Amino acid sequence: MKKVWITLTAVSIMAISCKENKEETIIEDATSTMEQVDMKDAVKTNDVKVTPISHATFVLDWNGQIIYIDPIGGAAAFEGMPAADLVLVTDIHGDHLNAETLAAVRTDGTELVVPSAVNEKIKEDQVAFVLNNGDTTTVNELTIEAIPMYNLTEGRLDKHVKGRGNGYVLEKNGYRIYISGDTEDIPEMRALKNIDQAFVCMNLPYTMDIDQAANAVLEFQPKEVVPYHYRGTDGFQDVEKFKQMINDTNSDIEVTLLNWYPAATE
């Protein structure tokens, strides 16, 4: 995989939600759902520290290997964070891909892994390793497998078409993390095995609701699930109810609620 030199720039942080090939700004405001949930700003599971930034954007510190997922918000969003060794981008929508932020957070030591559709958007300015659905690569002992992410429900099919974006399964030293990207409860998710930690999206009308998400999680049974990407056009999905739905059926699955929308809990 190639490395590139990037001149740092900065852009202001903004909250964006998915829309077909467009960016739709959603104002983050407090809701009763957010006020009721005991959120955590960061959590360490096994030897992986998870720091949510906002919505779909977060940082993994995996035994000192720093991984940025869908970085947006400019350099300011990552102030105080260690420099990225690896950046993963899942899709072309504005709440997952921001070229200015990529330029701001990459160094000459940062590897960038993206699907083809993302590469087409950034290839004039960024050098990336292209990974498509079903492909696998390894970066510094971390295995990365690209998993499909797409919509199934009539009326949502054009939101995320099959083959365009990537979910990811990351594995190191036998520990496996699943990052769903924007998807519904697709067969490829349900067929996952031996997942230790799963980041699962749930927002309407772009992905799925908590019923679909819970049903899928109960099918592939990760040891831990972290709901993320749960703000839609009508506000936030009820992640506390999602947690209850999981634990009422399978108390062995740990549900961890992180503070993905700090502006809504201030």
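FYI, the numbering just counts along the sequence from 1. In this text the structure is predicted, and so the values were computed from the model without any measurement.
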Side chain of Thr110, backbone of Asp85: donor and acceptor closer than 3.5 Å? no
Does anything in residues 208-219 form a side chain to side chain donor-acceptor pair (under 3.5 Å)? List the pairs, not counting sequence neighbours. Arg156-Gln212, Glu184-Gln212, Asp185-Gln212, Arg190-Asn215
Please give me the minimum heavy-atom distance between Cys201 and Ala213, naming the atom from each residue. O-CB, 4.2 Å
What's the shortest heavy-atom distance between Ser180 and Met189, and which atoms? CB-CE, 4.3 Å
Indicate yes or no for a side-chain donor-acceptor contact from Thr90 to the backbone of Gly181 under 3.5 Å, with no hydrogens or angles considered. no
Does the side chain of Asn166 pick up a donor-acceptor pair with the side chain of Tyr168 at under 3.5 Å? yes
Cationic N near anionic O, under 4.0 Å, Arg176 to Glu171: yes
CG/Asp95 to CD1/Ile72 distance, rounded to the nearest 0.5 angstrom? 6.0 Å
Any donor-acceptor pair under 3.5 Å from Thr101 side chain to Gly73 backbone: yes
Flag side-chain contact, heavy atom, 4.5 Å: Tyr228 against Met202: no
Are side-chain heavy atoms of Ile177 and Leu60 found at a separation under 4.5 Å? yes
Hey, mind stepping through Asp182 and His229 against side-chain hydrogen bond (donor to acceptor under 3.5 Å, both in side chains) and telling me if it holds? CA-CA 8 Å; Asp182 283 5; His229 195 286; 2.8 Å; yes
Least distance between heavy atoms, Glu188 atom then Pro148 atom: CG-CG, 3.8 Å
Between OH of Tyr150 and CD1 of Ile186, what distance do you get to the nearest 0.5 Å? 4.5 Å
Determine whether the side chains of Thr57 and Asp70 contain a donor N or O and an acceptor N or O closer than 3.5 Å. no
Any chance you could measure Asn63, atom CG, to Glu141, atom CD, to the nearest 0.5 Å? 10.0 Å
Any non-hydrogen side-chain atom of Leu204 less than 4.5 Å from a side-chain atom of Asp234? no
Under the criterion side-chain hydrogen bond (donor to acceptor under 3.5 Å, both in side chains), I'd like the reasoning laid out for His96 against Asp91: C-alpha separation, chi angles, the key distance, then a yes or no. CA-CA 6 Å; His96 302 273; Asp91 197 24; 5.6 Å; no
Less than 4.5 Å apart, side chain to side chain, heavy atoms only: is that true for Glu254 and Lys223? no
With a 4.5 Å heavy-atom cut-off, do Leu102 and Leu112 have their side chains touching? yes
Hey, what do you get for CZ (Arg164) to CE (Met149), rounding to the nearest 0.5 Å? 6.0 Å
Among Trp260, Tyr261, Tyr230, which residue meets the ring pair (Phe, Tyr, Trp, His ring centres under 6.0 Å) test with His55? Tyr261
If you define the side chain from C-beta out and look only at heavy atoms, does anything of Leu88 sit under 4.5 Å from Tyr68? no
Let me see the working for Asn119 and Phe129 under side-chain contact (heavy atoms from CB on, under 4.5 Å), right down to the final yes or no. CA-CA 8 Å; Asn119 192 55; Phe129 185 85; over 6 Å; no
Evaluate the side-chain proximity of Val114 to Leu131: yes if any heavy-atom separation is below 4.5 Å, no if none is. no
Donor-acceptor contacts, no H, no angles, side chain residues 241-249, under 3.5 Å, sequence neighbours left out:
{"residue": "Asn247", "atom": "ND2", "partner": "Ile253", "partner atom": "O", "Å": "2.9"}
{"residue": "Thr249", "atom": "OG1", "partner": "Met245", "partner atom": "O", "Å": "3.4"}

Between Phe199 and Tyr178, is the ring centroid distance below 6.0 Å? no
Okay, side chain of Gln237, backbone of Pro227: is any donor-acceptor separation there less than 3.5 Å? no
Do the side chain of Asn133 and the main chain of Gly165 share a donor and acceptor less than 3.5 angstrom apart? yes
Nearest 0.5 Å, what's the CG-CG distance between Asn140 and Leu86? 8.5 Å
Given side chains that start at C-beta, do those of Gln197 and Val50 come closer than 4.5 Å, heavy atoms only? yes
Is the backbone N or O of Tyr206 less than 3.5 Å from a side-chain atom of His160, with the two atoms forming a donor-acceptor pair by type? yes
Run the side-chain contact (heavy atoms from CB on, under 4.5 Å) check on Leu258 and Val226 step by step: do they pass? CA-CA 7 Å; Leu258 298 180; Val226 183; 3.9 Å; yes
To the nearest 0.5 angstrom, please state how far the CG atom of Asn259 sits from the OG1 atom of Thr51. 12.0 Å
Go through the side-chain N and O atoms of Glu224 and Thr256 and say whether any donor and acceptor fall under 3.5 Å apart. yes
Glu111/Arg106 salt bridge by N-O under 4.0 Å criterion: no
Between Ile122 and Ala128, which heavy-atom pair has the shortest distance, and what is it? CD1-CB, 4.4 Å
What closest approach, in Å, do Gln221 and Leu218 show between heavy atoms, and which atom pair accounts for it? CG-O, 3.2 Å
For Asn203, is there any backbone N or O sitting under 3.5 Å from a side-chain donor or acceptor partner on Thr207? yes
Test item: Thr138 side-chain N/O and Thr143 main-chain N/O as donor-acceptor pair under 3.5 Å: no
